[in-house]
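For clarity, every value in this text was computed on a predicted model and none was experimentally measured. As the structure lists them, so they are numbered: ligands from 1, and atoms in each ligand from 1.
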Amino acid sequence: MTRILFATSEARPLVKTGGLADVSGALPAALCEIGEDCRLLLPGYHGVLGGVEGARELHRFDDLPHPVRLLEADMPDSGVALHILDAPHYYLREGGPYQDADGADHPDNAERFGLLSRVAALLASPRSPLAWRPEVLHCNDWQTGLAPAWLKFAGGGARSLMTVHNLAFQGIFPADWVARLGLPPESFAVEGLEYYGNLSFLKAGLHYADALSTVSPSYAEEIQSEPLGMGLQGLLARRRADLAGIVNGIDTAYWNPRCDPYLPCSYSVRGLSGKKRCKAALQKDLNLEADPAAPLLGMVSRLTHQKGVDLVLEIADRLVRDGAQLAILGAGEAGLEAACRALAQRHAGRAATVIGYDEGLAHRIEAGADLFLMPSRFEPCGLNQMYSQRYGTPPLVHATGGLRDTVVDATPENLAADTATGFVFEAATAAALQATVQRALALYGDAAAWKRLQLAGMRRDFSWEHSAREYRALYRRMLAED
Ligand code: ADP
Ligand code: GLC
């Protein structure tokens, strides 16, 4: 049994802005289920303190400018042991974990996540105030990127793993934060945590961690060169031997069309009639025409350049003219939000957009749509394309990162072999997207072939157990290197 401290800035169901929360909510539980001792460390945001019961104080830090405590509780649902970094001055704020209510980054994010990283490192070191000592410190994204660095500066302790969920977010701050956070001045170097004159939390993690991983094999390859290396390709290519790519799983209990409380009807591989009723209910909810024959294209996404929403918007008028319906749920960049709203106004009854974050509607779109669009320009792993396969809604994806690794294109050969589960296109352009939607809609016209595609996706096993075993093997390799 390996003892693992899983340090993260968000975890479902307590706090979520994206896929990192789904992973942090599910992977530690899956590791515990296969017999590992994995505990979580999370900042004490409102949602965290309010979402757990009976939190107990474990430790009080006396040497910091503001009150900081460590609490212990259990994760709701999974019961995984949770350490909460309770620091009201830093984490009890209006707005989200990283931004205020107006969408501006909290001005002291370096300090907020510097503290999270520093405490993660302390708990993984021989100086930890707690009796429980992890053998592996598993850090996730830039918010915990300084932890492997602090652990090295403190003379070591647990082995550290830095997992990249998205290289587009690197935690870059002006150089004066090096002194303000008390980092050793000599660490501010190319062979350290300096990044073009600034401090980069993620680079620190990638430089100082004992092992690196990312969330799909394809993305692990892609980030070793431009453009997807986003400035860190040199470091990642040099550390290629230490870099693993492990595809995420999905929470198959929470995303299960047989018993999803968010859906008006249930269904399964044994009978898809409930899915037709989910489509009718979704059309009604979103004020789309009640037309069972119209192919309904769904999308649930952060509205950012990464996700290729603009490509969908470029072809949307034509899609609607050709008889398709569109249902888009998302929030993000103001320009993309406005363009989505305008689309719905131009095509009342044929295109619907909901701007905001809505967990229930996300499930209902996964279930009620016929085809799920995910034309991301890059996608480290992506979860929605796996949810949609499980919900019998073939995904249509750009061939990148985890999308390439988890969707099997409906080529004639794959269709004949019954392995096809969706549609994959190579170039991130509106023309390629348009051509592939056309290809998908042609197959949609062949009811028997379409049903085979749906069933092949629904039968795939995307459960966490497989990924958890790969992480376990990775932890063991890291410990064997000692
Ligand atoms: P990313 O983390 O890059 O946003 P993922 O596909 O890994 O992409 O995960 C996104 C997660 O967030 C999924 O669980 C998805 O259903 C959810 N999600 C994204 N946008 C919304 C939204 N507007 N409402 C509800 N859920 C959303
Ligand atoms: C990031 C990536 C997404 C991935 C998620 C969880 O948000 O953008 O592709 O699925 O992290 O690893």
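Near V23, meaning under 4.0 Å from any of its heavy atoms, are these atoms of ligand 2: 6 (C), 12 (O). The contact set between ligand 1 and R302, taken as ligand atoms under 4.0 Å from a residue heavy atom, comprises 1 (P), 3 (O), 4 (O), 20 (N). Residue-ligand proximity, G356 to ligand 1, at heavy-atom distances under 4.0 Å covers atoms 22 (C), 23 (N). Atoms of ligand 1 lying under 4.0 Å from any heavy atom of N384, numbered from 1 in the order shown and given with element: 6 (O), 13 (C), 15 (C), 16 (O). Remark: ligand 1 atoms within the under-4.0 Å shell around heavy atoms of G18 are 2 (O). Each of the atoms 24 (N), 25 (C) of ligand 1 lies under 4.0 Å from some heavy atom of D358.
Listed by first then second residue, pairs satisfying ring-ring contact (aromatic ring centres under 6.0 Å, His included) with a partner in residues 331-362 number zero, not counting sequence neighbours.
K307 counts as a contact of ligand 1, since one of its heavy atoms falls under 4.0 Å from the ligand. At least one heavy atom of K16 sits less than 4.0 Å from an atom of ligand 1. Ligand 1 lies within reach of S301, whose nearest heavy atom is under 4.0 Å from it. Taking 4.0 Å as the cut-off, A21 does not count as a neighbour of ligand 1 on heavy-atom distance.
T8 and S24 share a side-chain donor-acceptor pair at under 3.5 Å. In this model, no donor atom of one side chain and acceptor atom of the other lie less than 3.5 Å apart for Y387 and N256. A donor and an acceptor atom, one from each side chain of D22 and Y254, are nowhere located under 3.5 Å apart. For the residue pair D409 / T411, no side-chain donor-acceptor distance below 3.5 Å is found, with atom types taken as modelled.
Looking only at heavy atoms of the protein, atom 27 (C) of ligand 1 is closest to Y357 CE1, 3.3 Å. Of the protein's non-hydrogen atoms, G19 N, 3.8 Å is the one closest to atom 10 (C) of ligand 1. Nearest protein heavy-atom contact of atom 9 (O) of ligand 2 is E379 OE2, 2.5 Å.
A salt bridge is defined here as a Lys NZ or Arg NE, NH1 or NH2 lying under 4.0 Å from an Asp or Glu carboxylate O, and R3 with E135 meets this definition. Salt-bridge annotation for R390 and D251: absent, with no side-chain N of the basic residue lying under 4.0 Å from a carboxylate O of the acidic one.
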Give the intermediate values and the outcome of ring pair (Phe, Tyr, Trp, His ring centres under 6.0 Å) for residues H106 and Y98.
CA-CA 6 Å; H106 295 301; Y98 318 120; 8.4 Å; no

For F173 and W142, what are the C-alpha separation, side-chain angles and deciding distance, and is it a ring pair (Phe, Tyr, Trp, His ring centres under 6.0 Å)?
CA-CA 11 Å; F173 300 97; W142 72 266; 5.8 Å; yes

Could you walk me through whether Y267 and R258 satisfy the side chain to side chain contact (heavy atoms under 4.5 Å, CB included) test, starting with their C-alpha distance in whole Å, then the side-chain angles of each, then the deciding distance to 0.1 Å, before giving a yes or no?
CA-CA 5 Å; Y267 59 94; R258 278 178 66 181; over 6 Å; no

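At a 3.5 angstrom cut-off on N or O pairs, L383 counts as close to ligand 1. Ligand 2 has a nitrogen or oxygen under 3.5 angstrom from a nitrogen or oxygen of G382. Considering backbone and side-chain atoms together, E359 places no N or O closer than 3.5 Å to any N or O of ligand 1.
By the criterion of a heavy-atom distance under 4.0 Å, the side chain of V215, and not its backbone, is placed next to ligand 2.
Comparing L383, N166, I250, N248 by heavy-atom distance to atom 8 (O) of ligand 2, the nearest is N166. The heavy atom nearest to atom 12 (O) of ligand 2, considering only Q306, H165, E10, is found in H165. Closest heavy-atom approach to atom 7 (O) of ligand 2 among the candidates P380, G19, G402: G19.
Annotation for R240: atom CZ does not count as buried by contact number, only 12 or fewer foreign heavy atoms lying within 6.0 Å.
The aromatic rings of Y471 and H138 are tilted relative to each other, their planes meeting at an angle between 30° and 60°.
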